Number of protein chains: 2
Amino acid sequence: MTTLKDVAKRGGVSAKTVSRVVNRDPMVSDETRAAILRLVDELGYIPNDAARQMRTQNSRTVGFLTDVIATTPYSVDIVRGVQEELRAEGRTMLIANSGGMEEHEAEYWRMFRAQRAAGALYATMFHRAVDINAVEFTSPVVLVNCFDRRHRFAAVLPDDFTGGYTQAKHLLDMGHRRIGLVSVNPILRAEGLRRKGIDKAHGEARLELDDKLVRPGMVGNIGAERLVAYEAALELLKGKKRPTAIICGHDQIALQVMSAAAELGLRVPDDLSIIGYDDQHTITEALRPALTTVALPYYEMGRTATLLLNDLIAGRETPQQPVLVACPLVIRQSCRPPK
Amino acid sequence: MTTLKDVAKRGGVSAKTVSRVVNRDPMVSDETRAAILRLVDELGYIPNDAARQMRTQNSRTVGFLTDVIATTPYSVDIVRGVQEELRAEGRTMLIANSGGMEEHEAEYWRMFRAQRAAGALYATMFHRAVDINAVEFTSPVVLVNCFDRRHRFAAVLPDDFTGGYTQAKHLLDMGHRRIGLVSVNPILRAEGLRRKGIDKAHGEARLELDDKLVRPGMVGNIGAERLVAYEAALELLKGKKRPTAIICGHDQIALQVMSAAAELGLRVPDDLSIIGYDDQHTITEALRPALTTVALPYYEMGRTATLLLNDLIAGRETPQQPVLVACPLVIRQSCRPPK
DNA sequence: TTCTGCTATGACAACGTTGTCAGTGGGGGT
DNA sequence: ACCCCCACTGACAACGTTGTCATAGCAGAA
């Protein structure tokens, strides 16, 4: 592998001069610069990051640790958002996936430290509270989609409260007065937040969500969840005072609600409006009718978190409170005013 | 940050002895070892990978470059598979996503080289041919889900031929004699391969796939695809000699076919059997009836590719031909014998 | 001419680690 | 008693880069 010295030797200059050229130091004559640049190109010289890092004592890499990727595939958009901003700063990303296992997590924090990462992001696939045990790791850390119980770390979260509000308001504005809710797993923090938003929208319309029309669409602990939205929706829709619209905790739940509606011969959106959450394209765009939903802004969250991390690394001021990212309404074909 | 020398000073030994301890060199007395290990723990010493790498001239990091993550979310399982095997070898993964843009790709190859990565994986989100332009990068490269036109690189691919065969055979064995096909995008390599498999299964049953029952379920160039499976399925199912089963190019297509069936009042699987491809859990497990499908073994492919890369890095023998990974049948509720 | 100030360049050390080689000291064999 | 061998330890250099400081050369001012 070509080194600085190789280039210097061939160019008849000192290593330091070559270093100046590749680092764009203006203190080099145009002549020398041109000659060296030609040589760099010819020899295919690429600076050794490890040596650089050792000398300058500062790393351009950032660690990215996630729990389980598998369950909610679209959350990988966080990675895209992170990457986008890291590129802008010329940083590289070291990625690791703990699979939710503590011992792996510790191992990876250690690894990030061994790499002397300038900072790290910790992302979860569900919006939840976590207990970060990164004693080994001393650089700044930003949490994405989760928050630290002891508020020791900066965090970026989806605005689930407003998201729930948005879902309900969209239906209420259309004139729906009897709305059902097949919610996300009650153990998730998102559930309570969204419910508050849904209640607020109802309050503004001088209505109240009927508790008899509320069911969890998913139950069980993380990693052992079970979808029960199909059965829940059947119950809701078989009742005598059927809702004209159903708010769903996520798009898979919406899919099951739609299957239940089909099973009962109800047409969507004519007989029943359905609104989802997450905006998982594989479902929302493929489904007929296409699913109106509220999007989880994973990409935006990744970007926001990375900007925050950049600030922390640079020692700039950052907000004390978790940063909330808006969940936008995506209107498609599954909602319309009741008959 | 604590260094080897700090530990050595506190322990009253030489740096080299500490180095021996952390590298598990047996040539250290038990007494010294115990004392040093205690100190390492106390001071929170973690070896500096950059320095190590510089001294030993060999890197434990591997680069992982992908094109577009977004479109087929489950393909991130490749990452999980890769990670699993990398951990086993104590390697770290540097990840980058080109978004399909050439200039970013070149930038990342350069970055991998700057990090002196021991090797790299290049994964695409669709099974396709690629033109790798990694002149900058001289370590071994393994392609995942794609292959090099000039066969310069090792590759790991899904066995689409057998996958198509599996789909058709499952239906034929159940007694279906009139089978429709709503295929993946014809520009994808998978399409032709699977079709050959489907034809083979028909041949073995002394049947032939009726070309009038074949439609593409998706059209358009990569990045600008359009799902047309819903309309295709309507056509197929409205014809007078309706198929009793439909083979789908992927699970989203199956979702649309199911919507079309519902629209026409056909019940699945009673009136129509449907088999998907990919096994995107968000769809296959949420849908009612749950979708029988053939799984794309992303996780396995990631593992296999990494094992291959490990071999290449170690200079061991590797197969000349692309390695094919089997696509297993996942039986759920959407297929049954025709009435 | 001599001095000042500036541009352009280089010599050298250091970052943290490990490979090489040279000890040191104690136990066992003769 | 002597020597040899072996287990253990340390001094030193080197990996590739850049920060610090020194210096050479030259233009312009005095």
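Since this is a predicted model, take the numbers as computed values, not measurements.
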Spacing of Lys5(B) atom NZ relative to dC12(D) atom C1', expressed in whole Å:
11 Å

Inspect the surroundings of CD in Glu103(A) and state if more than 12 heavy atoms from other residues, nucleotides or ligands are less than 6.0 Å away.
yes

Where along residues 45-55 of chain A does a heavy atom come under 4.0 Å from DNA chain D, residue by residue in number order?
Tyr45(A), Pro47(A), Asn48(A), Ala51(A), Arg52(A), Met54(A), Arg55(A)

Separation of dA22(C) atom C1' from Lys16(B) atom NZ, nearest Å, is 13 Å

Rounded to whole Å, the CG-P distance (Asn23(A) to dG16(D)) equals 17 Å

Looking at DNA chain D, which of residues 26-39 of chain B put a heavy atom within less than 4.0 Å of it?
Met27(B), Val28(B), Ser29(B), Thr32(B)

Which whole-number value in Å describes the distance from Met1(A) CE to dG16(D) C1'?
13 Å

Rounded to whole Å, CG of Asn58(A) lies from P of dT18(D) at a distance of 11 Å

How are the rings of His151(A) and Phe147(A) set to each other: parallel, tilted or perpendicular (split at 30° and 60°)?
parallel

Give me the atom names and distance for the closest heavy-atom approach of Ala118(A) to Pro140(A).
O-CD, 3.4 Å

For the side chain of Ser14(A), starting at C-beta, report the closest nucleotide among dG10(C), dT18(D), dG19(C).
dG10(C)

Taking atom types as modelled, find out whether Tyr298(A) and Arg80(A) have a side-chain donor-acceptor pair closer than 3.5 angstrom.
no

No-hydrogen, no-angle side-chain donor-acceptor test under 3.5 Å, Asn310(B) and Arg91(B)
yes

Euclidean distance, atom CG of residue Asp25(A) to atom C1' of dT18(D) [Å, nearest integer]:
11 Å

Rounded to whole Å, the CZ-C1' distance (Arg113(A) to dG16(C)) equals 14 Å

Listed nucleotide nearest any side-chain atom of Ser19(A), set dT17(C), dT18(D), dT17(D):
dT18(D)

Taking only N and O in the side chain of Gln57(B), is any of them less than 4.0 Å away from OP1 or OP2 of dT17(C)?
no

Comparing Leu4(A) with Gly12(B), nearest DNA chain D nucleotide closer to 5' gives the residue Gly12(B)

Looking only at the side chain of Arg20(A) (C-beta and beyond, no hydrogens), which of the listed nucleotides dT17(C), dT17(D), dT9(C) gets closest?
dT9(C)

In whole angstrom, give the distance that lies between atom NZ of Lys9(A) and atom P of dA11(C).
13 Å

Determine whether more than 12 heavy atoms belonging to other residues, nucleotides or ligands lie under 6.0 Å from atom CD of Gln320(B).
no

Parallel, tilted or perpendicular, as decided by the 30° and 60° cut-offs, for the rings of Tyr122(A) and Trp109(A):
parallel

Looking at every heavy atom in both Pro322(A) and Leu157(A), which two are closest together, and how far apart are they?
CB-CD1, 3.9 Å

Would you tell me whether Asp311(A) and Thr318(A) have side-chain atoms, one donor and one acceptor, within less than 3.5 Å of each other?
no

Please state whether the phosphate of dG10(C), meaning OP1 or OP2, lies under 4.0 angstrom from any side-chain nitrogen or oxygen of Thr17(A).
yes

